[in-house]
Amino acid sequence: MKKKLNQLEATAICGNDISSSCLYVSALAIVYSGQYAWISLLVVAFVLFLFRKIYGEVVGALPLNGGAYNALLNTTKKSTASLAAALTVLSYMATAVISASEAVKYAYSIWHFIPVLPVTIALIFCFMSLVIIGIGESSKVAIVIFLFHLLSLTLLCTFCIIFFAQNGFETLILNYKVPVEGSVFSALFLGFSAAMLGISGFESSANYVEEQKAGVFPKTLRNMWVVVTVFNPLIAFLALAIIPLHVIESNQDALLSHMASVSGGNWLSILVGIDAALVLSGAVLTSFVGVGGLMERMALDRILPKFLLKKNKSGSSYMIYTLFFILCVSILLATKGNLAKLAGVYTIAFLSVMVLFGLGNMMLKINRAKLPRPEKSSWLGLMVAILAVMVAMAGNIFLNPSYLAIFTEYLIPTLIVIFFMLYRTYIFKGFLDVLSYVFPDRGHLFKTLNRHTKELLAAINRQQFVFFTNHDDVATLNKVMLYIKNNEPTRILKIVAVIDQEHTVTPNLKKDIEVLDRAYPDIHIQFIEEVGVFGPDKIKELSKRWGIPTNFMFIGSPGDKFPYKIQELGDVRLII
C-alpha cells in the first residue's frame, strides 16, 4: 500500500467494530448477570488486557497481515493456519451482515419509510466500493464515524450521570434487591460468557498491520482496550442506576436509546439511534478491511485461488472485496434478514479465533524463542487468557446449544474449499487413479480428462520454493524437507547459500543436500551459491530473477543479532 495508516486512522477502522459492542453488550450482560453485569464486563476488560500482550508479542515478532493465520503459519502446520483463516473469514462475514442489517434497522426506527433489505445490500455495496477505491479514503470515513460515536457515548454517559445525581440511589438499591437466578457465581459466569462478544473486533487490527505505520499497531490495541474498559462497564452500571431491572430486560434490543430517552429526552434518543446506525456501518468497513488483508495473504500462499490477487490502479484487491460482497449478500438473502442463525456462527467463530491466536503465541514461545519481539506476554497471562476464552465459548454453547450445529453448517463448506486448495495435488492424483479404473479401455474421454488433470498437476508442482541457509545441519535441512513435503505441492526446492567474505558455505553442506536429494526422490533439490549479502535487496533480486514470489521463500528463525526485521524481508516465511 502506498499510504500507511496513522494511529487515529488505524484505530478508527478496528475501533468502530469493537466499540459498536457498547450498543448491545451491556444489555446482554444485564440479562444474564443482572445487577452484577458491570463486574462481568470488568472481567472481560481484564481478559482483553491479557490479550493486548499476546497480540503485541505475536504481531511484534511477525508483523504481517493475517492475524491468527499468520501467527500459526509461521509457527505450526499450514493446515492448522488454514483452520484459523477459515474461522476468521466466517467471523468477518457474520460481522458484516449482522452489523449492516442492525445499522439499517436502527435507521428504520427513526425513518420508518426505509426498505430494510434493499438498503442493507446497498450499505454493504457502499463499503465494498470504499475499500476498492483505497484504504486511505475508507479510513477517513471510519474516523468520522468513530469520533461521532465516542462523542455520542460521552454525551449519553454525562446525561445519565446527571440524571442519577438528581434522582438518587433509589433505583440502584431496588435493582440490587432483586434476587439472582441461581448463585452469584453462575450469574457472573453467564454474564461473562455473553459479554465476551463485546471484544469482537480486537483481532481486526492484526489483519491489516502491514498497512499501518511503524509503532501504530500496539497503540490500536491500547486504544481499543481503553474504549471497552471505560464505556462497557460504565454503561451497564448507569443503566442499573437509572432504570429498573425489568424495564432494562424489556428494552434490551435498544437499551442505549431508552437510556438516552430517560436521561436526556427524545433528541438524545434520536442522536443515539443515528450513532448506532453509523457505528454499526463502520463495523462493516472493519470487516472488509480485515478480510482483505487476510484473504490476500491466503491467495498468495495458494490456499485461495490466484485470481483473487488482481488489483486495480489504487492497489486494492477488488476481486477479494467483490467475492466477499457476494458471499455477504447471499447469506443475507438466504436468511431473509433473520440473523439469529448468524449470531451463532459469529459467536463461536470469533471466540475460536481468539483461542487459536493464543495457541499461536504459545507456539511462538516454543518454536521461535530466539525471534526478536518488542514485548512478551507471560506464560501465566497467556494460559489464563486462553482458558477464559474457552470458558466463554463453553458458556455460549450452554446458553444456546443450537449455535454449535449452526456454526458447523457454515464451517464445513468453508473448510471444504480451503482444504481442497491445500490438498488438491492428492485429490488430482486420486482422480487419475479413479479414471484408470472407470475407463479401462482408455477411450477419448479418458484421454481428455487424463491430459487436463496432468496439466493441472504440472502447473501446481511447477511452483518452485527457496530455503536460505549457510549451515550444514542435516537435521534442520531434513525438517525443511518434511515441511515442504507435508505443506507445499512442489517438485523443485532451491537451497540457497548467500556468500561473501564473512559468510561462507560450511564444508559438509553440499554432501548433506545430496543425501537429502536421494532421500526425497519426489522433490528435486537445487543447491545454489549466490554471491552477495543476504537481506531484503537480495531477496527481491532473486524473487525477480527466478519469478518466485517472496512468500514461497523460507528461512530459519533468526536470532537477536539478525540485522533485519521480519517485515523488511517481505512475505518470507519462518519454517524452522
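- Side chain of Thr11 to main chain of Asn223: no donor-acceptor pair is present (N/O by atom type, distance under 3.5 Å, no hydrogens or angles).
- In summary, the side chains of Arg573 and Asn551 do not present any donor paired with an acceptor at a separation below 3.5 Å, with no hydrogens or angles considered.
- The main-chain N or O of Leu234 is never found under 3.5 Å from a side-chain atom of Trp38 such that the two would form a donor-acceptor pair.
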List the steps and the verdict of side-chain hydrogen bond (donor to acceptor under 3.5 Å, both in side chains) for Arg368 and Asn74. CA-CA 9 Å; Arg368 304 285 182 265; Asn74 284 284; over 6 Å; no

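- A salt bridge is absent between Lys376 and Glu57; no separation between the charged side-chain nitrogens and carboxylate oxygens falls under 4.0 Å.
- By the 4.0 Å N-to-carboxylate-O rule, Lys78 lies close enough to Glu488 to be salt-bridged with it.
- No side-chain donor-acceptor contact under 3.5 Å links Ser101 and Thr120.
- Put simply, the side chain of Leu422 reaches to within 4.5 Å of the side chain of Ser79, judged on heavy atoms.
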Could you go step by step and tell me if Leu28 and Tyr32 meet the side-chain contact (heavy atoms from CB on, under 4.5 Å) rule? CA-CA 7 Å; Leu28 203 59; Tyr32 292 110; 4.2 Å; yes

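- Atom CZ of Phe420 is surrounded by more than 12 heavy atoms from other residues, nucleotides or ligands within 6.0 Å.
- Asp301 and Leu73 get closest at one heavy-atom pair: OD2-CD2, 3.2 Å.
- In this structure, Ser129 contributes its side chain and Phe125 its backbone to a donor-acceptor pair below 3.5 Å.
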Does Tyr318 form a side-chain contact (heavy atoms from CB on, under 4.5 Å) with Val131? I'd like the steps, not just the answer. CA-CA 8 Å; Tyr318 65 94; Val131 290; over 6 Å; no

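- The backbone N or O of Ser316 lies less than 3.5 Å from a partner atom in the side chain of Asn312, making a donor-acceptor pair.
- A salt bridge links Glu375 and Lys53; the closest N-O separation between the charged side-chain nitrogens and carboxylate oxygens is under 4.0 Å.
- Residues Thr76 and Tyr483 come closest through the heavy atom pair O-CE1, 4.0 Å.
- For the pair Tyr208 (side chain) and Ala10 (backbone), a donor-acceptor distance under 3.5 Å is present.
- Between the side chains of Asn361 and Ser377, a donor-acceptor pair is found at a separation under 3.5 Å.
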For Ile460 and Arg424, what are the C-alpha separation, side-chain angles and deciding distance, and is it a side-chain contact (heavy atoms from CB on, under 4.5 Å)? CA-CA 9 Å; Ile460 294 167; Arg424 61 194 183 279; 3.4 Å; yes

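- Taking the ring pair (Phe, Tyr, Trp, His ring centres under 6.0 Å) definition, one finds that Phe288 meets it with Phe324, sequence neighbours left out.
- Annotation for Pro305 and Met421: closest pair N-CE, 3.8 Å, computed over non-hydrogen atoms.
- If you take CG on Leu327 and CG on Leu332, they are separated by 12.5 Å, rounding to the nearest 0.5 Å.
- Between Ile235 and Leu153 there is a side-chain heavy-atom pair separated by less than 4.5 Å.
- Using a distance-only test at 3.5 Å, with no hydrogens or angles considered, no donor-acceptor pair links the side chain of Ser317 to the main chain of Ile320.
- Checked against ring pair (Phe, Tyr, Trp, His ring centres under 6.0 Å), Tyr55 has the following partners two or more places apart in sequence or in another chain: Phe202, Phe357.
- Atom CZ of Phe419 sits in a crowded spot, with more than 12 heavy atoms from other residues, nucleotides or ligands closer than 6.0 Å.
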Acceptor/donor pairs from residues 90-97 side chains to any protein atom, 3.5 angstrom cut, sequence neighbours excluded:
unit_1, atom_1, unit_2, atom_2, d
Tyr92, OH, Ser204, OG, 3.2
Tyr92, OH, Asn207, ND2, 2.8
Thr95, OG1, Ser91, O, 2.7

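- Asn396 pairs by the side-chain hydrogen bond (donor to acceptor under 3.5 Å, both in side chains) definition with nothing, not counting sequence neighbours.
- Note that the OG atom of Ser152 and the CG atom of Leu278 stand 8.0 Å from one another [nearest 0.5 Å].
- Under the ring pair (Phe, Tyr, Trp, His ring centres under 6.0 Å) criterion, Phe552 pairs with Phe465, not counting sequence neighbours.
- Within a 6.0 Å radius of CE in Met363, other residues, nucleotides and ligands contribute more than 12 heavy atoms.
- Test Leu364, Leu382, Leu221, Val59 against Ile54 for side-chain contact (heavy atoms from CB on, under 4.5 Å) and you get one pass: Leu382.
- No side-chain donor from either of Thr75 and Asn367 sits under 3.5 Å from a side-chain acceptor of the other.
- Atoms OG and CD1, on Ser193 and Ile397 in that order, are 10.0 Å from each other to the nearest 0.5 Å.
- Side-chain contact between Phe554 and Leu574 is absent, with no heavy-atom pair separated by less than 4.5 Å.
- The CD1 atom of Ile418 sits 8.5 Å away from atom CG of Leu87, with the distance rounded to the nearest 0.5 Å.
- For the atom pair CG of Leu72 and OG1 of Thr80, the computed distance is 6.5 Å after rounding to the nearest 0.5 Å.
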Show, in sequence, the C-alpha distance, side-chain angles and deciding distance for Ser21 and Ile199, and conclude whether the side-chain contact (heavy atoms from CB on, under 4.5 Å) test is met. CA-CA 7 Å; Ser21 67; Ile199 61 173; over 6 Å; no

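- Checking side-chain atoms of Asn16 against main-chain N and O of Ala142 turns up a donor-acceptor pair under 3.5 Å.
- In this structure, Glu203 and Phe350 have side chains that are in contact, with non-hydrogen atoms separated by less than 4.5 Å.
- Atoms CZ and CG, on Arg297 and Leu309 in that order, are 12.0 Å from each other to the nearest 0.5 Å.
- The main-chain N or O of Phe217 is found under 3.5 Å from a side-chain atom of Thr220 such that the two form a donor-acceptor pair.
- Residues meeting the ring pair (Phe, Tyr, Trp, His ring centres under 6.0 Å) test with Phe431, sequence neighbours left out: none.
- Under a 3.5 Å cut-off, the side chain of Ser40 and the backbone N or O of Gly191 do not form any donor-acceptor pair.
- Taking the side chain as every heavy atom from C-beta outward, Leu323 and Met295 approach each other to under 4.5 Å.
- Summarising the geometry of Phe231 relative to Leu150, their closest heavy-atom pair is CE1-CD2, 4.1 Å, with the distance given to 0.1 Å.
- Contact detail for Ser82 and Ile303: the closest heavy-atom pair is OG-CD1, 3.3 Å.
- The main-chain N or O of Gly282 is never found under 3.5 Å from a side-chain atom of Asp17 such that the two would form a donor-acceptor pair.
- A salt bridge links Lys311 with Glu296; the closest basic N to acidic carboxylate O contact falls under 4.0 Å.
- Side-chain contact between Val329 and Phe325: present, with at least one pair of heavy atoms (C-beta onward) separated by less than 4.5 Å.
- With a 4.5 Å cut-off on side-chain heavy atoms, Leu380 and Val384 count as touching.
- Contact check on Lys140 versus Glu9 returns no salt bridge, with no Lys/Arg side-chain nitrogen under 4.0 Å from an Asp/Glu carboxylate oxygen.
- When side chains are defined from C-beta on, Gln212 does not count as touching Asn6, because their heavy atoms never get closer than 4.5 Å.
- Taking both residues in full, the closest heavy atoms of Ser20 and Ala283 are given as OG-CB, 4.2 Å, listed atom of the first, atom of the second, then distance.
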